[in-house]
2 protein chains.
Amino acid sequence: MTMRDVARAAGVSPKTVSNVMNGYPYIREETRTKVLAAIDALDYRMNISARNLKSGRTGVIALAVPELSNPYFAELADATIEAAGEHGLTVMIETTGADRERELSALARPRGHLVDGLLYSPLGLGPEDVDELKTSTPMVLLGERIFHGPVDHVMIDNVDGTKAVIRHLLDQGRRRIAVIGVRPGEQVGTAAIRYGAYTSTLAEYGVPVVAELAVPGGAWRRSSGADAVQELLERGVEFDAVFALNDLLALGAMRTLIGRGMRVPEDVAVAGFDNIDESAFSSPALTTVDAGRIQIARTAVDLLVRRLSGDDGPPAEIVAPYELHLRESTRN
Amino acid sequence: MTMRDVARAAGVSPKTVSNVMNGYPYIREETRTKVLAAIDALDYRMNISARNLKSGRTGVIALAVPELSNPYFAELADATIEAAGEHGLTVMIETTGADRERELSALARPRGHLVDGLLYSPLGLGPEDVDELKTSTPMVLLGERIFHGPVDHVMIDNVDGTKAVIRHLLDQGRRRIAVIGVRPGEQVGTAAIRYGAYTSTLAEYGVPVVAELAVPGGAWRRSSGADAVQELLERGVEFDAVFALNDLLALGAMRTLIGRGMRVPEDVAVAGFDNIDESAFSSPALTTVDAGRIQIARTAVDLLVRRLSGDDGPPAEIVAPYELHLRESTRN
DNA sequence: TTGTATGCGTTATCAT
DNA sequence: ATGATAACGCATACAA
C-alpha cells in the first residue's frame with residue numbers, strides 16, 4: 001500500500017498525491033477530491049520513514065526529561081504533547097534519569113535523525129557543556145542551568161516566584177524558615193537560584209540567614225524531603241516554616257512533620273514550588289508556586305516550530321510568569 | 001555523513017559497515033576494529049529512516065495510555081521505557097485522553113509505520129471493538145476491557161487484589177464500606193471487575209451490599225474522589241470505610257474526609273488500588289494494592305519483543321501478581 | 001569474508 | 001496544474 005497505489009486508484013501521478021497530502025496549494029479542487037477519496041477508500045497512511053529519507057522531516061520532536069515518575073515532568077510532558085499536537089507534531093519522550101551521560105547522548109544526533117527537534121531539560125549539564133548544545137538539530141532548552149547558550153531558552157521565574165513565597169511566609173510572622181533540597185556545591189541551576197532568592201528575601205526583611213536551616217537534598221523526591229525534616233528534628237534545630245525547593249520535597253517534609261505529631265501550619269508552615277496536581281489535594285493542601293508549565297510547554301513548542309520552519313534569528317530567552325497559590329499549609 | 005563515508009574512511013565497502021553495525025558474526029576482527037574506529041572518528045549514527053524503509057524495523061515501540069498526568073500511567077511509562085531500553089528499543093508515548101476516537105486512531109497504522117509495535121492500554125474500547133485489534137502491527141494489550149482478543153494481553157490481578165483489600169477492611173471490623181468510582185452502566189473494564197470482587201467479598205462475609213454505598217465516578221481523578229465523599233456526606237449515608245477503585249480517588253476522598261474534620265482511619269478507613277508513589281507519602285499513608293506495574297511493563301515488553309522477532313503462537317494472557325500494602329489509612 | 005547491484009516509498013527538480 | 005525521473009541511505013540477494 002504505497003502512494004503509487006493511491007495514485008493509480010485516483011488516476012493521477014504519485015507526485016499529485018504527495019502534493020495533496022502536503023497541502024500544496026495549486027491543485028484543482030476536482031483532483032484534490034479524487035485523491036482524498038482514494039486515500040480514504042484505501043485507508044492509506046504515508047510512510048514517514050520514506051518521507052524523512054527524502055525531505056529530512058519526520059514530524060516528530062523529542063522531549064528529554066529526567067523521569068516521568070516526577071509528576072512535574074509528567075505533567076510537563078502532557079502539556080507538551082498537547083501543544084505539539086496542535087502543530088501536527090508527535091512527541092517522543094526520552095528519559096535521562098538526570099544522568100549526565102544519558103543527557104549528553106540525547107543530544108548526539110537524536111535517535112538517528114528520527115526527530116526534527118528537541119526540547120531539552122537537562123539537570124546534569126552545566127555551563128561547561130555549552131558547546132555540546134551546538135547541534136545541528138533545532139533545540140529549545142527548558143530550565144536554568146545554562147544561560148546565554150547558543151539556543152532558545154524557556155525559563156521558570158525562579159527568583160520572583162521564590163521571593164513571593166518567602167515574603168508570604170515572612171508576612172505570616174515566620175522567622176526561622178528552613179530550606180530543604182539545597183545543593184551546596186552548585187553555582188548554577190534551579191537549586192542555587194531558588195536558594196539565592198531565599199537568602200536575599202530574608203535579607204530584605206532583616207532576617208538572618210542561618211546555615212543550620214539549610215538542608216541539602218540531592219534528588220528532589222518525597223523521600224529526600226522526609227529525610228531532610230527528620231534530620232532537622234534530630235539535630236534539634238528550631239524552625240517555624242519549611243521552604244522546599246520543589247513540591248515533592250515539601251510533600252515528603254509534611255509527611256514527616258505530621259508523622260511526628262507536629263501540626264501544619266500551626267507549628268510549622270510548609271511551602272513548595274511547581275504546583276503539581278497532587279499539591280492541591282494533600283492534607284493540608286500545599287502552598288506553592290506554579291511555575292507555569294502549561295505556558296512553558298506552549299512557548300517551547302512554538303519556539304521550536306519557528307526554528308523548524310527555518311528561522312535562524314538570535315536565541316530567545318523567555319521567562320514564563322509564575323503564580324503563587326496560597327493554601328492551608330501556610331495559612332495561620 | 002552516510003555509511004559510504006564511513007566505508008571510505010575505513011577502506012571497506014558500505015556493506016561491511018552495515019554488517020559491523022548489525023552484529024553480523026563473520027567479520028575479521030581486524031576489519032571490525034577498523035570500521036568501529038571510523039564510526040567513532042566520524043561520530044557517525046545510522047539513519048534509522050533509511051533502515052526502516054528497507055527493513056521495516058525502526059527500533060521504536062509505542063505506548064498508548066490515557067494521560068501522563070495520572071501518576072499510574074506516568075510510572076508505568078517510566079517502567080516501560082526502562083524495560084524497552086534493555087532490549088535496545090525506544091518508546092514513543094501516545095496519550096489518548098481515554099477518548100475512543102483517539103484510541104482507535106492510535107491503532108490505525110501507528111505513526112505512519114514509524115513504530116515496530118504497540119503497547120496499548122485502552123479505556124474507551126470494549127469487546128465490540130475486538131476486530132479493530134487485528135492490526136498488522138504487533139501489539140500487547142494492557143488492561144482488562146477486552147478478553148480473549150486476538151493479541152497478547154497483560155492483566156492486573158483485579159479480583160484477588162480487590163478481595164485482599166476488602167477482606168482486610170472486613171477483618172478490621174468495618175461493615176459499611178463505601179466504594180467510589182464505580183461505573184454503573186459498564187459490564188466490562190476495571191471498574192466492573194473491581195466492583196464485582198467487592199460485592200462477592202462482602203457476600204463471603206455475609207455483609208449486605210448496600211446500593212447507596214456505591215458512588216459513581218467517571219474520571220478516576222483526585223477531584224472525583226473528593227466529590228464522591230462529599231456526596232456521601234451530604235446524602236447522610238453512614239460508612240466506616242471507603243474503598244476507592246484507584247489511588248487517586250482514594251487520595252481525593254481522604255482530602256474531603258480530613259477537610260470535614262473526620263479522622264482517618266479512626267472514623268473512616270480508606271483504601272485504594274495501584275500503589276502509586278504518592279500513596280506512601282500521603283497523610284495518613286494510604287493502604288493500597290500494588291498492581292505490579294514494574295512486572296507488567298517488563299512482561300509486556302518481553303511479549304512484544306517476542307512477536308517482533310517473528311513468534312506467531314497463540315495469544316498469551318498473563319496476570320501480574322498483586323501485593324497488598326497495609327498502611328496507616330486502614331490500621332486501627 | 002567482503003563487494004556490487006538493486007529497490008524500499010517519498011519528494012525535489014524539472015518538464016509539460 | 002500535473003507528470004516523469006532521479007535520488008535520499010540503507011539492507012538484501014547474490015556474486016566474488
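Between the C1' atom of D/dA7 and the CZ atom of A/R51 lies a distance of 18 Å, rounded to the nearest Å. Whole-Å rounding puts the B/Y26 OH to D/dC14 P distance at 19 Å. When rounded to the nearest whole Å, the span between CG of A/N47 and P of D/dC8 equals 18 Å. Atom-to-atom, NZ of A/K34 to C1' of D/dA1 comes out at 12 Å; the value is rounded to the nearest Å. Residue B/N19 contributes atom CG, which lies 20 Å from atom P of D/dG9 at whole-angstrom precision. The CZ atom of A/R4 sits 14 Å away from the P atom of D/dG3 (whole-angstrom rounding). Atoms CG (B/L42) and C1' (D/dG9) sit 16 Å apart, rounded to a whole Å. Atom OH of A/Y24 is separated from atom P of D/dA1 by 8 Å (rounded to the nearest Å).
The heavy-atom pair separating A/M139 from A/L133 by the smallest distance is CE-O, 3.3 Å. Here the shortest heavy-atom pairing between A/P138 and A/L308 reads CG-CD2, 3.8 Å.
Here A/T16 reaches the OP1 or OP2 of D/dG3: one of its side-chain N or O atoms lies under 4.0 Å away. Contact annotation: B/Y44 reaches the phosphate of D/dC10 (side-chain N/O to OP1 or OP2, under 4.0 Å).
Between A/S55 and B/S13, it is B/S13 whose nearest contact on DNA chain C lies nearer the 5' terminus. If B/T31 and A/P14 are placed on DNA chain C by their nearest nucleotide, the residue sitting closer to the 5' end is B/T31.
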- Message: If you apply the rule salt bridge (Lys or Arg N to Asp or Glu O under 4.0 Å), what do you find for A/D129 with A/K134, and how did you get there?
- Response: CA-CA 10 Å; A/D129 299 303; A/K134 290 173 183 151; over 6 Å; no
- Task: Check the pair A/E67 / A/R221 against salt bridge (Lys or Arg N to Asp or Glu O under 4.0 Å), numbers first and verdict last.
- Result: CA-CA 11 Å; A/E67 55 171 8; A/R221 310 164 163 262; 3.4 Å; yes
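With distances taken from any side-chain atom of A/K54 to the nucleotides D/dA7, D/dG9, D/dA11, the minimum falls on D/dA7.
The residue from B/L89, B/L119, B/V154 that alone fulfils the side-chain contact (heavy atoms from CB on, under 4.5 Å) condition with B/L304 is B/L119.
Between the side chains of A/S69 and B/D78, at least one donor N or O sits under 3.5 Å from an acceptor N or O. There is no side-chain donor-acceptor pair under 3.5 Å between B/N52 and B/T58.
Nucleic acid contact class of B/L53 (heavy atoms, under 4.0 Å, all strands): base.
In the 5' to 3' direction, nucleotides of DNA chain C lying under 4.0 Å from heavy atoms of chain A begin and end at C/dG9 to C/dT13.
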